[in-house]
Structures are given as structure tokens and as C-alpha cells.
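Structure record follows, encoded as C-alpha cells.
Starting from 1, each residue takes its place in the sequence as its number.
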Amino acid sequence: MEKSRLDINEILREKSKQGHIVTKEIEISGHSIYVIYMPSITKNAEINNSILSPLMEWKYRKGQTPVHTFSTEQLQVMKNKDELDAHLLDGYTILIENEDVYALDTAYFSHRSISEPVSEMTLRGSRDGFIESIQENINLLRVHLRTTDLQLEYYTVGTKSFTNVILAYIQGEVNEELLKEARKRIEEINAEYVSDGGLIEQSIEKNTYSLFPEVQGTERPIKVTNALVEGKVAIFVDGSPTVLIAPITLNSLFQTSDDYSFKWIPASLVRLMRYIAAFLAVMLPSIYISLISYHHGLIPTDLAISISKTREGVPIPSFMEAFLMQVTIEVLREAGIRLPKPIGPAVSIVGAIVLGEAAVTAGIVSPLMVIVVSFAAICSFTIPDYSLSLALRAISFIMLFAAAILGIYGLIIAIFLLSIHLVRIKSFSVPYLEPFAPYYYKRWKDTFIRFRFKKGGSQ
């Protein structure tokens, strides 16, 4: 067995001072064996039965030491202090004999049971979801993806937290350049503490100033399975139920598992509705502002008269109306998320109704403005990916300011700049607007419309 280059005395002094670490010395036939473990994350019964008892029952044999009680498959040789600390935090038991340091797996972490993800509801299909245990998540993935081509690469990130990260892909399906880039970005993470997948996501993204996500997070194993089959990679983070998928496109963020669980015509209509709803969520308030503030001639006469009547007595400009209403909607939305689950939705609904009615009655905003902003907010709820929803909600404010400054012309300029930004974005070297820009017409079969499956199972 390989010799360790660790300072044994320093290790024993340091660990014996830490109250959450147990350090035991066992004297066996003139041999001193030190056993170090963290009782909060280890199976104490297994330590007693599989480690301490065999050591106490060891009988001297020529050329052997007490550590030879265990097989070489059980023992892992520690080469440096960081490796020792990482294994100790993973629930391993450390054995020190003379100048040799070994680790045995005795990990036991409590975690919640598998349940359906709250943030990704589905009407049809599997309802299991990832949890905070990385090994349980890998087991779930293997249940849905039974292939010997599934490859897992293990990493440790965080100079002080030693967080386990797994890069998953299917050999033969994944692009080698994508795999190299994913490995490089994970290895370049230089944070002291990594406690969640969101930190990993922000660490591996290149477009840090963009509102749009570069990787997609999901808690659904079936979604990860489909992504791996398509040649993508998945990043599992210990302690996080969210698995990161890369690369992604803007089109993939509008897709859900339900799109493939129903017949292609209704599924396509629902998907098309999502695109239209996303457009209305971003553009409807700003289009309304630009029309009533700058381009009255584009509004039919009867409708213009009706709008002018609803705005009688409103003391603030239409832009301020829309801005205040949108801010109010965002505050209520955030309050509904942060409040306890039993009362959160009720407070959001009641708050929106009461505030809207009070604002109209007081003459602060017009009834039509309440309808426009409320409908835009409802449209934003149809966006499947929450990160994309946040980005589009932020862009809706930018569009609102552009409409207030230059009307329709301001909207055209803002849309033009947004299009340039989206064309320039790449997710792990994949264009964000693919297959629209660059143009690949053969890949349009799974964009706005989900084409029917052939009998062989492909589209």
C-alpha cells in the first residue's frame, strides 16, 4: 500500500481539538491505531461492527498489521490533508496506523423522501423528483436511463466546503468539444464554499451580464434523461435537488415533459400558446403605453373614445400607471412565494383584487390599465422555466421605458437590440437562438410545433 505524506501528529492534534469529531486510540499487540470520524454523518453501528470489532479481534500474523483486517477494496489511501478532510466530511472513517492513513466508507446522511417537484408540475408521466442526496439522484437517473453508455465523472469543488459534483453524459451521444468545455468550466470553479447548484450555475456561465440563463435547472429525472439522450450533459451537485443541463437554447426553455405525453396536435397548440403568452407578457403593457401616449391614430375611433373615458380623472401619466401596476404585481408575486404555503396564494389573490379595486375607485389608475397589466402578469405564469420568466419580466420593464420615451419607434429599437443580444449569446458554444439563428430548417420540427412521432419512436 502507498505511503502517505501527511503529518500524523499535526492531524491528531487538530482533530482532537474539534468537538464534533471523535478521535479514538486503540492499542492492539503493540500497535497503535487511531480511528477518526464524525458521528453526525456516519453509521455508528457500522463503525462498531465493521471496524472496531474486527480490529479488537485481530490476531498477529507475520508481516501483517491490524489494518490488514480490511480488504484493499475497502481502504482508500489518503495522500494529503485536503483529501483527508474531504473524505471525513463525506462520512468516511479515517484509520491511522504508523505513518499510513486510510479511509473507509461509513457515510450516513439523512435526507427527505422522493416526492414530486413543487416548481415543475406535470399532468402526465413520472412524478418523482430529485432530492438533496447526490447518490439518490444518480440512482433515480439510472431508473429512467438504463444504458451502459451512461458515464459519470466525479469532481470536488470548493476550497473549504469540498462539495461533490458529478458530470453525467452518454458516451457516443455527447459531443467531445462540449464534454471538454464542461470539464474545463467545472475544474475552473474557484470558490471557497459551494452549497447549492445555483452557485455552480453562476460559476460556469460565461454571459454573466446577460439576463438569460445559460444552463437549465430541473428537478425532474425524466427531463435530465431526455437531455442526455439528445447529447447534452448534466451536472449534479451534492446537497442540491436541482440538476443543471447544458447546453440549452431559448426554444428548449419553452418545452415541457407534457409536450411529449399528449398527441402532437394539442401539444403543439399548447406550446404555440406559450410563445404567444410570453410575447404578450413582455410587450402588451408597452404596446398599450405607446399607442395611447404617441400613436392615437392607430387606435380605432370608438376604442379611443372608450379609453379616453376610462382615463378621466386619472392624475398620473399612463407610463406611471403601468409602472406602478407592474411593480405592485411583482411585489405581490414575491410575497406569495415567500409567505407560508397555506396563506401565500390567498394573500396574493386577495391583495391583487383589493389593491386593483381600490386603485380604480380612488382614480389613481384606469380600469383598462388594470386589465392590461393583470393579463400580462397571467401570461408570464405560462413560461415553464422560472429563470427565463425572471429574465422576461425584467425585459418587460425595459420595453416599458422604451415605449414611454419613443413610442413604437422605441419598442422597435429595443427589440432590435434584444435580438442582437440573443444572437450573440452562446450556451457552451451552442447559439442561443438555434435553430432560428443560425438557420437550420430541418430542426424546426420540434420548435413552435411538435411534429408527430413516427412508429419507430422518432419525430
Side-chain angles (χ1 to χ4, degrees), residues 41-43 46 73-74 76 83 86-92 103-120 122 125-158 161-175 178-187 189 194-201 203-204 215-248 257 428:
I41 56 174
T42 54
K43 297 179 182 177
E46 184 171 341
E73 290 80 9
Q74 292 177 286
Q76 297 187 35
E83 189 176 2
H87 279 75
L88 196 60
L89 292 169
D90 283 340
Y92 282 71
L104 289 88
D105 188 3
T106 55
Y108 174 74
F109 292 91
S110 59
H111 50 76
R112 63 185 174 93
S113 59
I114 296 172
S115 59
E116 183 177 5
V118 177
S119 59
E120 296 179 78
T122 184
S126 62
R127 298 186 181 276
D128 53 354
F130 291 123
I131 58 175
E132 288 72 20
S133 171
I134 194 170
Q135 290 303 326
E136 289 292 334
N137 292 343
I138 294 298
N139 294 340
L140 273 177
L141 177 63
R142 290 193 180 276
V143 168
H144 290 270
L145 186 59
R146 301 189 179 186
T147 173
T148 55
D149 293 328
L150 178 62
Q151 302 294 319
L152 304 174
E153 297 184 5
Y154 291 78
Y155 298 86
T156 301
V157 300
S161 63
F162 303 107
T163 303
N164 295 319
V165 173
I166 296 179
L167 177 66
Y169 59 91
I170 296 180
Q171 190 70 43
E173 299 291 341
V174 68
N175 183 281
L178 167 63
L179 195 55
K180 290 179 182 178
E181 187 170 357
R183 289 168 177 162
K184 180 181 177 182
R185 294 195 187 188
I186 294 175
E187 291 170 354
I189 296 175
V194 178
S195 58
D196 187 75
L199 299 177
I200 295 289
E201 177 182 352
S203 299
I204 63 177
V215 297
Q216 183 178 17
T218 181
E219 296 182 31
R220 286 204 168 275
I222 190 65
K223 203 165 188 176
V224 176
T225 299
N226 293 335
L228 294 178
V229 170
E230 292 172 0
K232 299 179 181 181
V233 298
I235 301 174
F236 293 76
V237 183
D238 201 7
S240 174
T242 303
V243 176
L244 305 177
I245 299 172
I248 60 170
S257 301
F428 285 73

**Request:** Verify, without hydrogens or angle tests, whether Thr147 (side chain) and Asp149 (backbone) share a donor-acceptor contact under 3.5 angstrom.
**Result:** yes
**Item:** Minimum heavy-atom distance between Arg127 and Pro117, given as atom pair plus value
**Value:** O-CD, 4.1 Å
**Request:** Measure the CD-CG distance between Glu136 and Asp128 for me, rounded to the nearest 0.5 Å.
**Result:** 11.5 Å
**Message:** Any heavy-atom pair between the side chains of Phe236 and Asn164 that's under 4.5 Å?
**Reply:** no
**Prompt:** Is a donor on one side and an acceptor on the other found under 3.5 Å between the side chain of Thr163 and the backbone of Val194?
**Reply:** yes
**Request:** Give a yes or no answer on whether the side chain of Thr156 reaches the backbone of Phe162 with a donor-acceptor pair at less than 3.5 Å.
**Result:** no
**Asked** Roughly how far, to the nearest 0.5 Å, is the NZ atom of Lys180 from the CG atom of Asn175?
**Response** 9.5 Å
**Complete:** One should read off an interatomic distance between Leu150 CG and Leu228 CG, to the nearest 0.5 angstrom, of 6.5 Å
**Item:** Side chain proximity check, Thr242 to Glu201, heavy atoms < 4.5 angstrom
**Value:** no
**Prompt:** Out of curiosity, Arg183 CZ to Tyr169 OH, how far, rounded to the nearest 0.5 Å?
**Reply:** 4.5 Å
**Approximate separation, where rounding is to 0.5 Å, of Ile186 CD1 and Lys184 NZ** = 13.5 Å
**Test log, rule side chain to side chain contact (heavy atoms under 4.5 Å, CB included), inputs Leu152 and Arg142** = CA-CA 11 Å; Leu152 304 174; Arg142 290 193 180 276; 3.4 Å; yes
**Message:** If we ignore hydrogens and angles and just use 3.5 Å, is the side chain of Asn137 paired with the main-chain N or O of Glu132 as donor and acceptor?
**Reply:** no
**Side chain Glu120, main chain Glu219, donor-acceptor under 3.5 Å** = yes
**Asked** Which is it for Ile235 and Ile204 under the side chain to side chain contact (heavy atoms under 4.5 Å, CB included) test, yes or no, and what are the steps along the way?
**Response** CA-CA 11 Å; Ile235 301 174; Ile204 63 177; 3.7 Å; yes
**Complete:** Heavy-atom closest pair (Thr106 atom, Tyr92 atom, distance to 0.1 Å) is OG1-C, 3.9 Å
**Prompt:** Which pair of heavy atoms, one from Val224 and one from Ala234, lies closest together, and at what distance?
**Reply:** CG1-CB, 3.7 Å
**Asked** Atom OG1 in Thr148, atom CD1 in Ile170: separation rounded to 0.5 Å?
**Response** 10.0 Å
**Fill in**
Correct closest heavy-atom pair for Ile200 and Val237 would be CG1-CG2, 3.7 Å
**Request:** Find out whether Glu116 and Thr122 are in side-chain contact, i.e. whether some heavy atom of one side chain is under 4.5 Å from a heavy atom of the other.
**Result:** yes
**Complete:** Note: Leu178 and Pro247 closest approach over all heavy atoms is CD2-CD, 3.5 Å
**Prompt:** Could Lys232 and Glu173 be called an ion pair, given the rule that one side-chain N must be under 4.0 Å from one carboxylate O?
**Reply:** no
**Asked** Closest approach of Ala168 and Leu141, non-hydrogen atoms and distance?
**Response** CB-CD2, 4.4 Å
